[in-house]
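Just below is one structure, and these are the notes that go with it.
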Amino acid sequence: MPEVKLIKRFIETENGHRLREFESAGGYGSLRKIIGEGWDAQQVIDILKASNLRGLGGAGFPTGLKWSFVPKDIEGPKYLVVNADESEPGTFKDRHIISGAPHLLIEGAVIAAFCIEAEDIYIYIRGEYYEPARIMEQAIEEAAEAGYIGEDFLGSGHTVRVHLHRGAGAYICGEETALLSSLEGGKGWPKLKPPFPAIKGLFGKPTIVNNVETLSQVPIILDKGAEYFASLGIERNGGTRLFGVSGHVKRTGIYELPLGTPMKELIYEHCGGIRNDRKLKAVIPGGSSCPVLTAEQAASINMDFDSLAGIGSMLGSGGLIVMDETTDLVQILWRICRFYAFESCGQCTPCREGTGWMTRIMERIAKGEGTVQDIDDLKEVAEQIMGNTVCPLGDAAALPVVSFLSKFRADFEAQVGPRRVHAGAVVTQAEAEEN
Amino acid sequence: MSEERKMVKVTIDGNQYEVPAGTTILEAAKSVGIEIPHYCYHPGLSIAGACRMCLIEVEKVPKLQIACYMTVGDEMVIYTTNERVKRARKAMLEFHLVNHPLDCPVCDQAGECGLQNYYMLHGLYISRVRENKVKKGKKATQIGPHVMLDQERCILCSRCVRFCNEIPKTSELGMFNRGDREVVDIFPGRELNNPYSANVINLCPVGALLSKEFRFKTRVWYLETVKSVCMRCSRACNILIDYNIRRPWKNDGRRLSRLRPRYNAQVNDWWICDEGRFGFDFVDAADRLTVPLSAAGGAQAHSGWEAALETAAARLRQAASEIGDVAVLVSPRLANEALYLLKRVLAEQLPGTSVAFSSLNEHEPTQDDILRKADKNPNTTGAEFLSLTTANAEVKDHAYLLQTAKKGNLSALIVIAHNPVGLPELYGRGWSEALDKVPFKVFIGTNENETSRKADVVLPLAAFAEYDGTVTNFAGRVQLLRRAFDPLGEALAGWELLRRLGNALGGEYDFGSAGEVFDELAQKEDKFAGLSYGDIGELGVKVNG
């Protein structure tokens with residue numbers, strides 16, 4: 001099946017990041033339509049619900065449902081926050097949207113703000129995305145000049161302001177409540193839930209936090225209709241997704257495919273297969289925090305939220321990391337551990353102490369100084385972090401460890417010495433063989 | 001709060017309880033006697049949910065939940081000690097200890113350390129950490145007048161940070177860096193010097209924040225403790241007195257080791273101010289008066305109680321009957337019992353004595369809307385209830401007494417727990433000369449001072465922590481002062497001293513304890529009507545008046 005370029009059509013439009021080209025490609029049509037025809041929020045939410053659009057940041061929560069959680073008829077401001085803090089290793093789809101079709105995001109965000117009655121949109125963009133931020137800034141200026149945002153935009157009688165906020169480089173600020181803490185001017189620490197942001201979010205006010213790709217799908221759905229979008233995917237997983245493929249394939253990049261597409265089709269057809277035609281060893285399906293898949297699992301799995309959840313992994317951010325048979329998984333896991341230990345925000349104990357501890361055990365294993373006991377300890381430490389932390393970063397750090405050690409234990413055992421025989425005495429492989 | 005809080009039924013560890021809706025699981029469990037371990041949670045601070053020690057299982061909820069944050073719901077079934085919870089608890093404790101230095105032998109927190117205590121209760125595993133620990137910058141670094149910081153011992157519960165943000169609202173402390181490199185530290189250019197700074201020492205569950213004054217003085221397991229109240233200002237915060245009398249070779253023989261706050265929602269919540277906490281040096285000071293002194297015709301010299309009291313009684317009686325113009329300077333530092341007996345003895349044995357009252361003392365009248373009151377005396381209200389303050393028109397004030405003395409119109413003066421000569425210039429000026437004009441002076445007090453040196457008879461008074469009694473705080477709450485150790489030398493509790501003086505003056509005062517005095521006081525004095533010493537209890541009672 002060829003790519004279905006709903007979003008990519010705009011990204012690939014030449015100079016698509018400029019307003020004129022975006023408008024020529026049909027951009028801002030959905031926003032004009034709902035304002036011009038005097039739609040109400042419920043109509044939009046109903047269409048999103050029917051389209052089966054799910055949060056494409058990673059959690060996969062149904063978007064229409066999320067918007068409907070915002071309390072209506074209450075005093076005070078509400079906020080729409082765009083999570084553009086794309087930081088998960090292996091994930092690079094949002095930067096393409098921001099750089100290639102920033103107006104598509106603005107259009108989707110304005111529609112969202114209209115639906116939840118927010119007058120302020122905050123786009124929280126990853127600090128390292130300097131160039132995308134510059135492009136986004138230009139797009140916001142263009143949209144304001146053209147009257148798509150601002151006071152009484154498109155004569156709607158509504159107001160919407162768009163603020164671009166650059167992050168300071170913390171991975172954790174991609175977690176929505178940490179993002180809000182950071183946006184409020186505090187340390188990027190996740191908040192205890194409940195209350196969820198839809199009830200008490202930014203500055204204590206009802207807030208919807210949506211991913212860049214999710215919002216970018218909104219104008220497209222309103223343009224093409226919920227039935228069309230839903231029909232592209234499978235049950236409860238509507239439409240397309242930008243899959244970002246990196247690693248040992250012949251053609252890395254962003255591929256827009258319907259949810260439910262077989263992974264082997266993506267890897268072997270769209271990406272041209274494994275480099276040097278080697279054998280596949282493992283695939284991380286949706287950013288580094290998602291449990292790794294074996295080659296056998298990758299060969300038979302379809303890429304949608306429910307299928308991957310069904311085999312104990314996640315579709316996550318849709319960023320695939322493909323690893324061929326020459327990959328040293330011990331080094332990979334050590335690298336992943338280092339990342340999460342470096343990025344742990346330090347708020348809660350199991351993640352703060354556990355990520356560092358796992359990294360140090362991994363380092364020992366990777367340097368050939370580990371024992372079988374270390375593998376068992378490592379897995380147990382990961383299991384004790386899992387589910388016990390304030391935010392999902394703990395799980396994100398623990399899931400790769402547990403999955404690597406469960407599915408590729410032999411790779412790790414090959415790099416460690418035998419189990420300690422008694423306290424204080426470590427028997428090396430060589431000594432064991434000698435005896 | 002609504003009059004009737006809705007109650008919900010919960011099952012905790014198999015037993016059913018009714019608890020108020022809206023309470024957290026941790027508080028609900030505590031109210032029925034089930035302790036759920038925790039480090040970051042503190043009832044007086046906002047909820048952090050960070051230490052994860054209080055993870056418990058709630059039926060129908062897949063993940064373990066933190067008891068400090070989740071509130072009880074009707075028909076909720078909670079497990080606080082099942083295998084899953086115990087395993088998680090042990091694991092959370094293990095995480096706390098991964099980077100904790102094992103320097104217990106040289107750590108002053110040892111013996112009252114949250115990590116040690118929970119390790120014995122919930123840990124008892126063999127360490128499997130074979131890695132080097134993360135090194136952190138500051139060890140034994142002074143961050144304020146009273147507080148020492150050790151970042152390596154810190155478990156990052158953030159209690160101290162939240163305290164500074166939320167109670168004194170001074171925000172000197174912050175959490176810096178991330179992950180296992182994270183540290184608690186003082187903001188650049190700041191000092192932890194707010195008036196409540198030392199509360200972080202008690203809030204800290206480990207040895208990361210220690211008292212500069214107390215550390216290395218005495219191991220905590222050598223300390224004994226009584227519940228008392230602070231006498232540094234008219235709030236009379238509830239405190240714990242930690243003292244060491246069994247090992248006099250420690251801390252240069254100082255008996256009073258430290259004061260800690262004690263929870264009383266009606267008075268001081270969980271806190272005390274630094275002035276009160278560290279304001280007890282006089283108790284074990286070298287200038288304590290330990291024996292009666294008499295200066296018959298020359299320098300003050302050691303005298304027995306009998307002789308000193310006889311001298312005092314004879315001269316006072318003589319002055320009262322033959323010359324008149326006897327005055328007494330009453331102090332709101334005295335407990336209710338001493339004030340009451342003073343009042344009785346004066347009325348019965350030295351009628352016509354003029355009473356002067358002063359609340360002036362050596363302390364600055366610091367105050368705020370947290371705890372500190374400008375009146376730096378514990379019992380001004382008690383004195384007022386006994387009609388011994390200037391609210392009673394017959395009682396003279398400090399300035400009037402000074403003028404009278406200056407004019408040479410006093411034949412005898414009793415100064416109790418005051419040091420008028422040593423007051424700041426504004427109030428103290430002229431007192432030295434004025435006292436020289438008073439032919440006979442009795443000084444009753446705890447420590448030698450400028451005034452005591454001028455006295456003809458000096459009677460040593462028991463200091464704070466040396467006697468039982470009651471004081472009445474600014475809001476009319478009567479609270480118990482408790483004796484931790486015996487008075488130094490031959491010093492006597494105020495009520496006992498005045499009882500003996502009364503007897504020397506010819507009365508018959510027969511009280512065996514402060515409680516007996518108080519119970520008579522409660523019968524005779526309207527303001528204290530209905531109270532009894534035995535019913536005051538640890539948190540005090542409010543007088544009806």
Side-chain angles (χ1 to χ4, degrees), chain A residues 169-173 186-194 338-364 369-371 373-374 376-378 380-395 397 420 423-424 426, chain B residues 24 38-40 46-57 61-66 68-71 84-85 87-100 125-134 154-158 161 165 174-184:
Chain A
Y171 165 79
I172 190 60
C173 291
K187 188 169 179 172
W189 271 6
K191 302 177 184 193
L192 298 176
K193 283 167 274 193
R338 282 206 320 263
F339 175 80
Y340 289 105
F342 182 74
E343 294 292 350
S344 170
C345 80
Q347 180 177 203
C348 71
T349 308
C351 175
R352 179 183 68 234
E353 306 295 343
T355 51
W357 188 10
M358 291 196 302
T359 305
R360 281 173 278 160
I361 298 176
M362 264 317 298
E363 177 175 357
R364 214 176 40 231
E369 293 159 8
T371 66
Q373 185 68 47
D374 285 326
D376 296 337
D377 285 350
L378 184 61
E380 206 184 311
V381 171
E383 283 163 354
Q384 285 163 345
I385 298 173
M386 228 179 332
N388 291 336
T389 51
V390 170
C391 84
L393 193 142
D395 293 352
R420 285 178 170 216
V426 180
Chain B
T24 61
H38 55 271
Y39 289 126
C40 68
S46 64
I47 294 169
C51 76
R52 318 305 280 185
M53 282 301 294
C54 69
L55 285 170
I56 43 91
E57 186 173 344
V61 181
K63 281 186 182 180
L64 296 180
Q65 298 293 312
I66 46 173
C68 67
Y69 189 65
M70 193 178 202
T71 49
R84 189 176 168 211
V85 170
R87 184 169 175 269
R89 196 171 281 172
K90 202 170 188 168
M92 295 310 118
L93 183 64
E94 191 179 20
F95 284 131
H96 277 96
L97 287 161
V98 168
N99 283 309
H100 187 81
Y125 55 80
I126 291 168
S127 173
R128 51 182 169 169
V129 179
R130 274 173 282 155
E131 277 65 40
N132 289 332
K133 302 198 178 224
V134 176
C154 176
I155 56 168
L156 298 155
C157 70
S158 80
V161 176
N165 289 345
M175 314 281 281
F176 298 81
N177 217 323
R178 283 193 319 214
D180 58 11
R181 290 88 57 213
E182 183 172 53
V183 290
V184 161

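In what follows, every chain begins at residue 1, and chains take the letters A, B, ... in the order their sequences are listed.
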Looking at every non-hydrogen atom in both residues, tell me the closest pair between B:R52 and A:P350 and how far apart they are.
CG-CD, 3.4 Å
Without swapping roles, check the side chain of A:K187 against the backbone of B:G174 for a donor-acceptor pair under 3.5 Å.
no
Partner of B:R128 under salt bridge (charged side-chain N to carboxylate O under 4.0 Å, His left out), picked from A:D374, A:D376, A:D377, is A:D377
Which atoms of B:M175 approach chain A - backbone, side chain, both or neither, heavy atom under 4.5 Å
both
Is it the case that the side chain of B:Y69 and the backbone of A:P194 share a donor-acceptor pair, with hydrogens and angles ignored and the cut-off at 3.5 Å?
yes
Which atoms of B:I47 approach chain A - backbone, side chain, both or neither, heavy atom under 4.5 Å
both
Best-contacting candidate, A:E353, A:Q384, A:E380, A:R360, against chain B by heavy atom pairs under 4.5 angstrom
A:R360
Which portion of B:K90 sits near chain A, non-hydrogen atoms under 4.5 angstrom:
neither
B:R84 atom CZ, neighbour heavy-atom count above 12 within 6.0 Å:
yes
Flag the one option from A:Q347, A:E343, A:E363, A:M386 with the top tally of heavy-atom pairs under 4.5 Å to chain B.
A:E343
Go through it in stages, so that I can follow the logic: the residues are A:T349 and B:I155, the test is side-chain contact (heavy atoms from CB on, under 4.5 Å), and I'd like the CA-CA distance, side-chain angles, deciding distance and then a yes or no.
CA-CA 8 Å; A:T349 308; B:I155 56 168; over 6 Å; no
For each of B:G49, B:C157, B:P62, tally heavy-atom pairs with chain A at distances under 4.5 Å, and name the one with the top tally.
B:G49
With only heavy atoms counted, which part of A:F342 is less than 4.5 Å from chain B, the side chain, the backbone, both or neither?
both
Bottom line for A:I172: the part with an atom under 4.5 Å from chain B's heavy atoms is neither
Taking side chain as everything from C-beta outward and backbone as N, CA, C, O, which of these in B:L156 sits under 4.5 Å from a heavy atom of chain A? Side chain, backbone, both or neither.
both
Answer key: most heavy-atom pairs under 4.5 Å with chain A among B:K63, B:R181, B:M70, B:Q65 is B:R181
Whether A:R352 side chain and B:E182 backbone form a donor-acceptor pair below 3.5 Å:
no
Residue of the set B:D180, B:N99, B:V129, B:V134 for which side-chain contact (heavy atoms from CB on, under 4.5 Å) holds with A:W357:
B:V129
